[in-house]
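All figures in this text were calculated on a predicted structure; none of them were measured in a lab. All chains are named by letter (A, B, ...) in the order of the sequence lines, taking the proteins before the strands, and each is independently numbered beginning at 1.
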Amino acid sequence: MRYVQEDDKVVLTDFSDFDITETLECGQCFRFDKTDEDEFVVIAVNKVIYIKQYGMERVEFYPCTVSEFENIWIKYFDLDRDYIKIKEILSEDDSIMKEAIEFASGIRILNQEPYECLISFIISQNNRIPMIKKVIENISREYGNDLRGGYYSFPAAEVLNRVSEEELMKCKTGFRAKYIKDAVEKLSSGEILIENLKDMETDELRRELLNIHGVGPKVADCTMLFSMGKGEVFPIDVWVRRVMQYFYFNDEEVSMKKIHTFADEKWGEYAGFAQQYLFHYARIKQIGKK
DNA sequence: ATCCAGGATCTCC
DNA sequence: GGAGATCATGGA
């Protein structure tokens with residue numbers, strides 16, 4: 001990996017296993033817009049950044065400085081991880097996983113902000129991805145800070161804690177408004193210290209997140225995988241359930257516990273990565289849907 | 001119109 | 001401890 005400053009851009013070259021379109025559109029994050037072919041704008045960490053990719057030759061990040069790139073975006077886009085090794089291990093003696101990986105081999109598991117990620121996946125329950133994006137956008141526009149260009153930061157827990165359930169509903173949160181309220185209350189009161197959570201052991205962290213009303217296994221697991229560096233966590237949603245049953249359980253109904261045990265034994269510390277390749281593959285190809 | 005969406009909760013047994 | 005209904009909202 002090599003990167004240099006060119007005007008207001010940081011230009012990345014000599015990289016592999018990174019595709020901005022696959023990474024953003026594989027369902028792990030919601031605050032981005034496509035601005036052109038292989039070009040996106042991402043809103044994160046109080047910043048608006050554009051990313052344009054030219055094949056496997058060149059990726060431009062702008063506006064951006066080398067120090068911002070090193071301090072924020074390398075970690076955010078998980079660019080310092082060896083995906084070649086992960087893909088080798090996951091593909092070994094598994095032609096299904098091999099195909100899912102080859103289908104979108106440029107996916108990186110982002111390291112998002114824990115608080116925004118948690119609220120985003122609370123909103124995601126029983127919802128569609130375009131609608132999830134709209135709701136998060138509504139909340140940000142209404143209560144976040146203006147970052148210019150029509151983009152707004154996601155409001156802090158202390159800010160949303162002062163917003164009534166009825167006001168939140170106007171952002172189209174639906175029945176999830178009371179769940180968001182419980183989360184921001186526990187976070188802003190200090191009952192849950194979100195920034196300390198990623199240092200906790202996975203099982204204990206999971207139990208902590210499950211104490212929030214409206215956070216179940218799936219939302220907790222997505223939060224841990226996509227924002228707390230817990231790469232061994234295997235979130236199971238309708239698509240992952242379908243694809244797992246279809247490919248690994250002879251298309252039979254199996255319990256969540258059974259799928260978790262299987263994933264843990266088969267993929268271990270890389271189960272979360274396996275999950276994301278499978279989820280994206282299944283959703284695009286509509287695997288297992290009747 | 002009816003069903004369903006990156007689920008979780010509540011109720012009832 | 002598992003099955004079934006319910007929850008807002010909008011698109012197919």
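- Regarding A:Leu209, its CG atom lies at a distance of 17 Å from the P atom of B:dG7, rounded to whole Å.
- Between A:Gly214 and A:Asp237, the one whose closest nucleotide on DNA chain B sits nearer the 5' end is A:Asp237.
- Following rounding to the nearest Å, A:Asn127 (CG) and C:dG11 (P) show an atom-to-atom distance of 11 Å.
- Taking the six-membered ring where the residue is Trp, A:Phe234 and A:Trp267 present parallel rings, their angle staying beneath 30° rather than reaching 60°.
- Under a cutoff of 6.0 Å and an axis angle of 45°, A:Lys258 and A:Phe262 do not form a cation-pi pair.
- Applying the side-chain contact (heavy atoms from CB on, under 4.5 Å) test between A:Gln112 and each of A:Cys29, A:Ser120, A:Cys222 identifies A:Cys29 as the sole match.
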**OP:** Carefully, step by step, assess A:Tyr115 and A:Phe154 under the rule ring pair (Phe, Tyr, Trp, His ring centres under 6.0 Å).
**Re:** CA-CA 10 Å; A:Tyr115 158 64; A:Phe154 191 79; 5.6 Å; yes
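- The base of B:dC4 sits with one of its N or O atoms less than 3.5 Å from a complementary donor or acceptor on the side chain of A:Arg128.
- One C1' atom belongs to C:dA3, the other to B:dG6, and the distance between them is 23 Å to the nearest Å.
- Map A:Pro130 and A:Ile212 each onto its nearest nucleotide of DNA chain B; the residue landing nearer the 5' end is A:Pro130.
- Note on A:Arg176: every side-chain N or O is 4.0 Å or more away from OP1 and OP2 of B:dT9.
- Per the geometry, OH belonging to A:Tyr277 stands 18 Å off C1' belonging to B:dG6, to the nearest Å.
- Atom CG of A:Leu168 is separated from atom C1' of C:dT9 by 15 Å (rounded to the nearest Å).
- Separating the CD1 atom of A:Ile122 from the P atom of B:dA8 is a distance of 10 Å, rounded to the nearest angstrom.
- Taking atom C1' on both B:dC3 and C:dC7, the two are 15 Å apart, rounded to the nearest angstrom.
- Distance check on atom P: C:dT6 versus B:dT2 gives 15 Å, rounded to whole Å.
- As rounded to whole Å, 18 Å separates atom P of C:dT6 from atom CD of A:Gln125.
- One finds a side-chain N or O of A:Lys172 lying less than 4.0 angstrom from the OP1 or OP2 phosphate oxygen of C:dG10.
- Here A:Lys134 reaches the OP1 or OP2 of C:dG11: one of its side-chain N or O atoms lies under 4.0 Å away.
- One can place CD1 of A:Ile123 at 15 Å from C1' of B:dA8, the figure rounded to the nearest angstrom.
- Classified by interplanar angle (parallel below 30°, tilted 30° to 60°, perpendicular above 60°), the ring pair A:Phe18/A:Phe61 is parallel.
- The P atoms of C:dG10 and B:dT9 are separated by 24 Å, rounded to the nearest whole Å.
- Stem regions annotated for DNA chain B: B:2-5 with C:9-12, B:7-13 with C:1-7, counting only runs of 3 or more consecutive pairs of Watson-Crick or G-U type with both contacts under 3.5 Å.
- The separation between A:Ile259 atom CD1 and B:dG6 atom C1' is 14 Å, rounded to whole Å.
- In this structure, A:Arg206 pairs ionically with A:Asp221, as a charged nitrogen and a carboxylate oxygen lie closer than 4.0 Å.
- Each of B:dT9, B:dG6, C:dT9 was ranked by its minimum atom distance to the side chain of A:Phe226; first place goes to B:dG6.
- Looking at A:Lys87 and A:Asp17, a side-chain N of the basic residue comes within less than 4.0 Å of a carboxylate O on the acidic one, giving a salt bridge.
- Taking the six-membered ring wherever Trp is involved, the centroid distance between the rings of A:Tyr50 and A:Phe40 does not fall below 6.0 Å.
- Side-chain atoms of A:Asn126 lie closest to C:dA8 of the nucleotides B:dC10, B:dA8, C:dA8.
- Counting non-hydrogen atoms under 4.0 angstrom, A:Arg241 reaches nothing in the nucleic acid.
- Checking B:dA5, B:dA8, C:dC7 against every side-chain atom of A:Lys289, the shortest atom distance belongs to B:dA5.
- An aromatic stacking contact between A:Tyr179 and the base of B:dA8 is absent, as defined here by ring centres under 5.5 Å apart and ring planes under 30° from parallel.
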